[in-house]
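Note that the structure is a prediction, hence the values are computed from the model and not measured.
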Amino acid sequence: SIALSDGAVPDGKGRGSVLRLILRRACRYGRRFLDAPDGFFVKLVDSVVESMGDAFPGLHQNLDDVKACIAEEEKQFLKTLDRGAELFEKECDKLKKGGAIVGSEFPTETAFKLATTYGFALEL
């Protein structure tokens with residue numbers, strides 16, 4: 001919220017790429033570990049403004065734009081994440097059918113595609 005109200009936008013370059021990475025990891029974490037419903041992340045904006053608004057007065061400006069940006073980024077990423085999860089599951093099924101044992105290496109080509117196309121961090 002702070003970076004967005006300061007003019008940063010999620011994209012593939014510079015500070016925008018860092019912002020996108022943070023937003024995506026937060027969305028993925030919320031979905032996976034908190035069992036949060038899709039769209040939960042944008043609902044946190046009001047709490048951020050309430051708790052940090054005095055220290056960062058710019059948070060009160062363009063609040064609707066900040067929320068719209070977060071909502072759209074979350075929506076698009078969750079679609080991408082779902083498609084990537086399907087690819088991941090298919091690859092795991094191939095490994096199982098091929099008799100792979102625990103500790104087998106995941107194909108690097110698929111890992112690279114999951115990271116670059118679907119936003120999966122390699123540590124996943």
Side-chain angles (χ1 to χ4, degrees):
S1 295
I2 295 169
L4 290 169
S5 66
D6 193 35
V9 292
D11 66 23
K13 298 179 183 175
R15 71 178 181 168
S17 66
V18 175
L19 181 57
R20 176 169 279 162
L21 177 67
I22 292 168
L23 286 168
R24 287 179 170 196
R25 286 190 182 219
C27 291
R28 190 183 72 236
Y29 184 90
R31 181 188 254 192
R32 183 166 182 200
F33 296 108
L34 303 177
D35 199 27
D38 293 355
F40 87 99
F41 201 60
V42 72
K43 294 176 184 176
L44 300 175
V45 173
D46 290 328
S47 296
V48 171
V49 171
E50 184 179 323
S51 63
M52 304 294 289
D54 291 338
F56 298 97
L59 281 172
H60 298 284
Q61 300 169 356
N62 303 322
L63 193 56
D64 290 336
D65 292 339
V66 169
K67 286 180 179 181
C69 182
I70 290 173
E72 183 61 26
E73 188 70 21
E74 181 178 12
K75 178 182 168 186
Q76 291 303 317
F77 177 61
L78 292 176
K79 285 181 187 178
T80 302
L81 192 60
D82 288 341
R83 289 191 307 269
E86 288 176 22
L87 175 61
F88 179 80
E89 291 300 324
K90 285 179 185 176
E91 195 63 46
C92 288
D93 288 344
K94 282 187 208 175
L95 289 171
K96 289 176 191 174
K97 288 178 184 175
I101 57 171
V102 175
S104 294
E105 287 190 23
F106 194 82
T108 54
E109 299 85 13
T110 305
F112 182 77
K113 184 174 184 178
L114 286 168
T116 58
T117 304
Y118 298 101
F120 279 53
L122 289 176
E123 66 267 12
L124 289 176

How long is the straight-line distance from [atom2] of [Y] back to [atom1] of [X], given to the nearest 0.5 Å?
{"X": "Glu89", "Y": "Lys96", "atom1": "CD", "atom2": "NZ", "value": "7.0 Å"}
{"X": "Gln61", "Y": "Asp6", "atom1": "CD", "atom2": "CG", "value": "10.0 Å"}
{"X": "Lys113", "Y": "Glu91", "atom1": "NZ", "atom2": "CD", "value": "10.0 Å"}
{"X": "Asn62", "Y": "Ser5", "atom1": "CG", "atom2": "OG", "value": "8.0 Å"}

Can you see which heavy atom on [X] is nearest to which on [Y], and at what distance?
{"X": "Leu78", "Y": "Gly39", "value": "CD1-N, 4.4 Å"}
{"X": "Tyr118", "Y": "Arg83", "value": "CE2-CB, 3.7 Å"}
{"X": "Leu95", "Y": "Pro107", "value": "CD1-CD, 4.3 Å"}
{"X": "Arg31", "Y": "Asp82", "value": "NH1-OD1, 2.6 Å"}

Worksheet entry | Greater than 12 external heavy atoms within 6.0 Å of Asp54's CG | no
Worksheet item: In terms of heavy-atom contacts, does NZ of Lys67 have more than 12 from other residues, nucleotides or ligands at under 6.0 Å?
Response: yes
Worksheet item: Is the shortest side-chain N to carboxylate O distance from Arg24 to Glu73 below 4.0 Å?
Response: yes
Practice prompt. In plain terms, say whether Lys75 and Asp38 are close enough for a salt bridge, that is, a side-chain N and a carboxylate O under 4.0 Å apart.
Written response: no
Is [X] linked to [Y] within one hydrophobic cluster, defined over Ile, Leu, Val, Met, Phe, Trp and Tyr using a side-chain heavy-atom separation of less than 4.5 Å?
{"X": "Met52", "Y": "Ile70", "result": "yes"}
{"X": "Phe77", "Y": "Phe41", "result": "no"}
{"X": "Ile22", "Y": "Ile2", "result": "no"}
{"X": "Leu63", "Y": "Phe56", "result": "yes"}
{"X": "Val66", "Y": "Leu44", "result": "yes"}

Discussion item. Test your reading of the model: is there a side-chain donor-acceptor pair from Thr117 to the backbone of Leu114, 3.5 Å cut-off?
Written reply: no
Quick one, [X] and [Y] - any side-chain contact, counting heavy atoms below 4.5 Å?
{"X": "Ser1", "Y": "Val49", "result": "no"}
{"X": "Leu4", "Y": "Cys69", "result": "yes"}
{"X": "Phe40", "Y": "Glu74", "result": "yes"}

